[in-house]
Protein chains: 2
Amino acid sequence: MSHKPRRNTRQRQVILEELAKVKCHPTAADLYEIVRRRLPRVSMATVYRNLEVLSSAGKIQKLQSGGEQARFDADTDMHDHVRCVRCGRVADVEREPLVVSPPAAEDIEGFQIIGHRLEYLGVCPDCRADAPNECPPAPDPA
Amino acid sequence: MSHKPRRNTRQRQVILEELAKVKCHPTAADLYEIVRRRLPRVSMATVYRNLEVLSSAGKIQKLQSGGEQARFDADTDMHDHVRCVRCGRVADVEREPLVVSPPAAEDIEGFQIIGHRLEYLGVCPDCRADAPNECPPAPDPA
DNA sequence: CTGTCTGCAAATGGTTTGCACCATA
DNA sequence: TATGGTGCAAACCATTTGCAGACAG
């Protein structure tokens with residue numbers, strides 16, 4: 001794929017390195033805090049711009065299945081994720097990704113299918129711990 | 001689950017009625033425009049508040065699988081959706097929803113699974129039509 | 001050198017909220 | 001009449017963008 005020439009700036013390197021280092025799937029803001037420890041003068045704009053560049057270059061994955069903040073993953077291998085509906089945290093699902101068969105042409109009124117988005121919803125251990133809550137379908141991820 | 005008592009206001013009725021009427025899956029703003037024809041003085045806030053109330057009451061579905069605007073569906077029967085990656089339009093998939101088996105406990109590190117979110121991505125007929133899309137070979141309008 | 005990238009700050013845009021008045025039950 | 005609901009405007013907040021100077025190639 002012919003992409004525009006891209007420069008290999010220090011910011012870009014550090015952002016990718018730090019994302020690769022963490023086991024979790026940080027938000028842009030999380031990553032900003034992390035990167036800031038090495039580059040005190042970076043700006044959020046730079047973090048956002050680079051996450052965008054890296055993700056369209058296929059070097060990282062952007063996970064934004066909910067209406068929530070996007071989260072990022074340096075592991076580009078195909079794998080599913082679970083998202084905590086309470087705190088928004090995202091974790092990997094350690095099994096082969098589910099095979100999702102695309103709907104037949106006649107079931108989608110002219111749409112040309114190019115993929116799908118699947119993500120599990122759950123409650124993470126931490127949230128379950130202090131959770132004085134009850135019924136499964138939590139209202140909102142606030 | 002103890003829910004607060006809810007009043008049956010004219011705004012609430014109209015919002016639900018109009019949503020039930022349309023075949024598409026409008027955004028809050030779309031619905032605001034529609035509802036405004038019957039209630040010229042409604043506010044966006046009221047539309048948002050009621051869509052929230054109706055959806056937590058299970059009377060409508062809130063579709064916000066992407067990072068995009070939420071869309072709403074008065075059809076609460078289980079069914080999948082396709083979202084146009086160009087214009088954001090959402091349509092129903094006319095087949096039995098795919099059975100998604102939740103990951104086993106040992107594959108998700110303590111998360112308690114409560115559901116999943118699946119949505120197909122595609123290009124709608126309209127967008128495909130005028131689509132001057134490119135990617136590899138840079139098109140030259142000249 | 002040149003054109004991309006950065007930092008800063010201000011702008012977006014969808015959604016939410018505070019408040020005083022209104023209307024449903 | 002008691003309270004949930006409404007309209008309005010301002011607040012929020014993640015993300016984007018305009019701009020001038022900085023720096024990679």
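Order of the sequence lines fixes the chain letters, A, B, ..., with proteins taken first and strands second; residue numbering starts at 1 for each chain. Bear in mind the structure is a predicted one, so any value in this text is a computation, not a measurement.
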Legend entry - Side-chain-base donor-acceptor pair under 3.5 Å for B/Arg41 and D/dT6: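 Result: no qualifying N/O pair found.
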Legend entry - Side chain A/Arg49 and base C/dG7 donor-acceptor under 3.5 Å: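 Indeed there is one.
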Inset, instruction - Would you mind checking if B/Arg49 and B/Glu52 are paired as a salt bridge, meaning a charged N to carboxylate O distance below 4.0 Å? - result: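 Looking at B/Arg49 together with B/Glu52, the answer is no, because their closest N to O distance does not fall below 4.0 Å.
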Which of the following nucleotides, [options], is nearest to the side chain of [X]?
X	options	result
B/Ala45	D/dA9, C/dC5, D/dG5	D/dA9
B/Ala70	C/dC5, C/dA25, C/dT15	C/dT15
B/Ser43	D/dC8, D/dT15, C/dC5	D/dC8
A/Tyr48	D/dT16, C/dT6, C/dT15	D/dT16
A/Arg6	C/dC5, D/dT15, C/dG7	C/dC5

Inset, instruction - Classify the nucleic acid contact of A/Ala29 as base, sugar-phosphate or nothing, counting any heavy atom under 4.0 Å across all strands shown. - result: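 Since no nucleic acid heavy atom lies under 4.0 Å of A/Ala29, the category is nothing.
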Report yes if at least one side-chain N or O of [X] is closer than 4.0 Å to OP1 or OP2 of [N]; otherwise report no.
X	N	value
B/Gln11	D/dG7	yes
B/Thr46	D/dG7	yes
A/Asn8	D/dC23	no

Inset, instruction - State plainly whether one hydrophobic cluster holds both A/Val93 and A/Leu63, where clusters connect Ile, Leu, Val, Met, Phe, Trp and Tyr through side-chain heavy atoms under 4.5 angstrom apart. - result: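 In one cluster: no.
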Inset, instruction - Quick one: sort the B/His79 and B/His25 rings into parallel, tilted or perpendicular, breaks at 30° and 60°. - result: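 Tilted, since the angle between the ring planes falls between 30° and 60°.
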